[in-house]
Amino acid sequence: MKKLISALLLGGLVMTGTITAQTGTAKTAFVYFSPTGTTERMAKNAATAMGADILEIEPVHKYTSADLNWHDKKSLSSIECNDPKSRPAIANKIDISDYDTVVLCYPIWWAYAPKIVYTFAESQDWKGKKLVTLCTSGGSGLGRSGKDLAKFARGADFKGGKDFTRGSGAEIKKFVESLLK
């Protein structure tokens, strides 16, 4: 009888949120930046497949198609990519303190992550957190962007990354889980 009462009490605490169902398991967040929607779709599909939370990096300045024109050396994205010190402002507050693993998702711009992703990486406390990077790319792939970002995510345990421009949520889940073993 005591076991039954204890089980019912514990179940009630879990259902009311007093104790989370993930007690004892790692909690994962997919954090993404996606000015065109491509990376957003990838991140949301993967987060759904993994049962993870999804958080968006929202820029103060919303990028227009003119801002993203890589043929124009005066476009905002071209200027940012050519300035190693560029750190565009983020409009929303993102708190990763409740997560054990952060999967950082972004498009590739000129072989690197967009500078706003560096803004995010530098603004967080990464101590004790695992970092996985995923990108979408029109052709250059992940390159060294993941390793480069990991340098700015001080204290993170960088597990690796991959280009998932064409990949299902299930494929991403399998890849991420393999890195976290």
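The model shown is predicted, which means the values in this text are computed figures rather than measured ones.
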Considering non-hydrogen atoms only, spot the tightest contact between [X] and [Y] and give its length.
X      : Y      : answer
Leu76  : His61  : CD2-CD2, 3.3 Å
Ala46  : Ile172 : CB-CG2, 3.5 Å
Thr28  : Ala52  : O-CB, 3.3 Å
Asp163 : Ser137 : OD2-CB, 3.6 Å
Gly161 : Phe158 : N-CZ, 4.1 Å
Ala49  : Ala170 : CB-N, 4.0 Å

Inset, instruction - Report the residue from Glu40, Arg41, Met42, Glu56 that forms a side chain to side chain contact (heavy atoms under 4.5 Å, CB included) with Ser34. - result: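 Among the candidates, only Glu40 passes.
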
Testing the 3.5 Å rule here: is there a donor-acceptor pair between the side chains of [X] and [Y]?
X      : Y      : answer
Tyr112 : Asp148 : no
Thr39  : Thr136 : yes
Asn45  : Thr48  : no

Can you tell me how far [atom2] of [Y] sits from [atom1] of [X], rounded to the nearest 0.5 angstrom?
X      : Y      : atom1 : atom2 : answer
Ser178 : Lys174 : OG    : NZ    : 8.5 Å
Asp100 : Lys129 : CG    : NZ    : 6.5 Å
Arg154 : Phe152 : CZ    : CZ    : 7.0 Å
Ser123 : Lys93  : OG    : NZ    : 7.5 Å
Leu55  : Phe30  : CG    : CZ    : 11.0 Å
Asn92  : Glu58  : CG    : CD    : 4.0 Å

So does [Y] get a backbone contact from the side chain of [X], meaning a donor-acceptor N/O pair under 3.5 Å?
X      : Y      : answer
Ser77  : Asp67  : yes
Gln124 : Ile94  : yes
Thr119 : Ala89  : no
Thr101 : Lys130 : no
Asn69  : Ser75  : no

Do the side chains of [Y] and [X] get nearer than 4.5 Å, heavy atoms only?
X      : Y      : result
Asn82  : Lys73  : no
Ile57  : Tyr106 : no
Lys115 : Trp109 : no
Leu149 : Phe120 : no

Would [X] end up clustered with [Y] when hydrophobic side chains under 4.5 Å apart are linked, directly or stepwise?
X      : Y      : value
Tyr32  : Ile96  : no
Leu68  : Ile90  : yes
Leu179 : Leu104 : no
Met50  : Val132 : yes
Trp70  : Ile108 : yes

Inset, instruction - Answer yes or no: are there more than 12 heavy-atom neighbours, outside Lys62 itself, under 6.0 Å from its atom NZ? - result: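 Yes, the 6.0 Å shell around NZ holds more than 12 heavy atoms from other groups.
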
Legend entry - CH2 (Trp110) with more than 12 external heavy atoms under 6.0 Å: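 Yes - once you tally the heavy atoms of other residues, nucleotides and ligands closer than 6.0 Å, there are more than 12.
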
Legend entry - Pair Tyr63 and Phe33, ring centroids less than 6.0 Å apart: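 Close enough - the centres of the two rings lie under 6.0 Å apart.
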
